[in-house]
Protein chains: 2
Amino acid sequence: MEQEKLQHIQVKPNSFECSITTDIAVFGYVEDRFKILLTKRTVGDFKNHWFLPGGVMESNETLVDCAQKVLFALTGFKDIHFEQVRTYGDLERHPLKRVITVCFYALIKPENHPIALKENVESIEWFDMENIPENLGFDHARLINDAHMHMKDNLKDKLIVGELLPEKFTLAELQNLYENIFSIKLDRRNFRKRIFQMDILENTNEKKTGVKGGPFLYRYKENR
Amino acid sequence: MEQEKLQHIQVKPNSFECSITTDIAVFGYVEDRFKILLTKRTVGDFKNHWFLPGGVMESNETLVDCAQKVLFALTGFKDIHFEQVRTYGDLERHPLKRVITVCFYALIKPENHPIALKENVESIEWFDMENIPENLGFDHARLINDAHMHMKDNLKDKLIVGELLPEKFTLAELQNLYENIFSIKLDRRNFRKRIFQMDILENTNEKKTGVKGGPFLYRYKENR
DNA sequence: GCAAAAGTGTTAATGGTACACCCATGA
DNA sequence: TCATGGGTGTACCATTAACACTTTTGC
């Protein structure tokens, strides 16, 4: 009864111990392919498995604070924008203890974020989204899948994938990225038509050199 | 260093105490209006405020288990299907201590779920979504808004809002509900066309009595 | 019988898809 | 100079939006 009352007001003096972690699916566009960043680590029974970057939250951190801290600790990335995907609370998802994880995704330009190999990370690598390793730890295969779907939902009808590209990019690069993310093929003219009538790009009037055809470089407009 | 290592493998021996709660936005269709169920309670500084049904998670429960338990404890509802909305982890969202909450939404047929006024609940009421009380506790105004948006996203292009209606219903009722949820007006003929070519309804060949026009009653098909 | 809602098809507009040729550049 | 990719416009198709009259029922 006292128990029930306390429960009801959402405060209990002796809440159980439970780790809350954040895991981050970092997507990038590398070597003309849509990729995800994974770290090889050993956690519990998972020896030398690949994991999303992730780690435990402290009492004075928000979820996003935690994601920032964890991602920096494992990769050296700073000042990243996160989008929440969902929270996973199954009882047996972690072999050692109860761990609830909040999953985020982030889109980054690899050129701006060189990878730093940090302590306790055996390796860190960009994986092509169509060639993800088999030996993923925990339920991270599901997390990756959910994060990818969530990202596609967020991007649908927006084509705002500029966070993944350099400041100036060609329309072919933008289209290729879009095709990679959604695993589709698009007509070049229709793609241009759509993106132009969205009115989100401006032509820098510079041409990209070292590539045939001499394509113009575009950037996203300031206010969009 | 030892600290950092432990953090990295996502397990710390002394994780801090932190309540994890679930809050549930229960949507229903009552008196021809799209509504949400709120409970009036007193929590901390929030005296006699309206809250989503919610409560703390125990160590042996999954997130959904917790939502089931909490909703039953506050309303008497059982066997409800939940959809996760998102997780809120701001530091100051709860006046008494750190509370992280995972928000869910549920769609129910009020006829199947009579409200039971439970202990510690001062009142419990269906509120029209366009007339939600001002004095909501915590950040529940935001939770309601997010849950509503998330629900709309899930339902978009599906028109599957049957969970909110009695087994047999008229097309006008279905259309009205849909218009309520999305705050839009639809053309009757176009709505019928769309819903019929989805092939999800069957005509019971019964007519609804006590209402002008003598509309047919429909139900959702078994396999959809 | 009259007011209110149910039921029913057609047309116009819009948006999306398919498609071919010339031009610029790098090799 | 030639091979490769960049740049451009139009016709067709599919989907959606707009719209008015007749029938049924409750009161």
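Labels below follow one simple rule: chain letters A, B, ... track the order of the sequence lines, proteins then strands, and each chain is numbered from 1. Just so it is clear, the values below take in all heavy atoms, side chains as well, and ignore hydrogens, waters and symmetry mates.
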Exercise. Among side-chain atoms of Tyr29(B) and Asn180(B), is any donor-acceptor pair under 3.5 angstrom?
Worked result: no
Rounded to whole Å, please give me the gap between [atom1] in [X] and [atom2] in [N].
X         : N       : atom1 : atom2 : value
Phe191(B) : dA17(D) : CZ    : P     : 13 Å
Glu173(B) : dA6(C)  : CD    : P     : 9 Å
Asn205(A) : dG7(D)  : CG    : P     : 12 Å
Arg188(A) : dT4(D)  : CZ    : P     : 14 Å
Arg189(B) : dA18(D) : CZ    : C1'   : 8 Å
Asp187(B) : dG9(C)  : CG    : C1'   : 12 Å
Phe216(A) : dG6(D)  : CZ    : P     : 13 Å
Met198(B) : dT16(D) : CE    : C1'   : 13 Å

Exercise. Is the distance from OP1 or OP2 of dT25(D) to the nearest side-chain N or O of Lys207(B) less than 4.0 Å?
Worked result: yes
For this session: Verify the contact: side-chain N or O of Arg192(A) to OP1 or OP2 of dG7(D), cut-off strictly under 4.0 Å; return yes or no.
Result: yes
For this session: Could you tell me whether the side chain of Lys208(B) has a donor or acceptor atom within less than 3.5 Å of a complementary atom in the base of dT24(D)?
Result: no
Seminar exercise, completed: Contacts of Pro215(A) and Leu171(B) projected onto DNA chain C by closest heavy atom; the upstream (5') one is Leu171(B)
Seminar exercise, completed: Walking DNA chain D from its 5' end, the first of Gly213(A) and Lys193(A) to be reached, judged by nearest nucleotide, is Gly213(A)
Problem set entry | Salt bridge Glu167(B)-Arg219(B), side-chain N to carboxylate O under 4.0 Å | yes
Exercise. What class does the angle between the rings of Phe27(B) and Phe34(B) fall in, given that below 30° is parallel, 30 to 60° is tilted and above 60° is perpendicular?
Worked result: parallel
Exercise. Is the gap between the ring centers of Phe77(B) and Phe72(B) under 6.0 Å?
Worked result: no
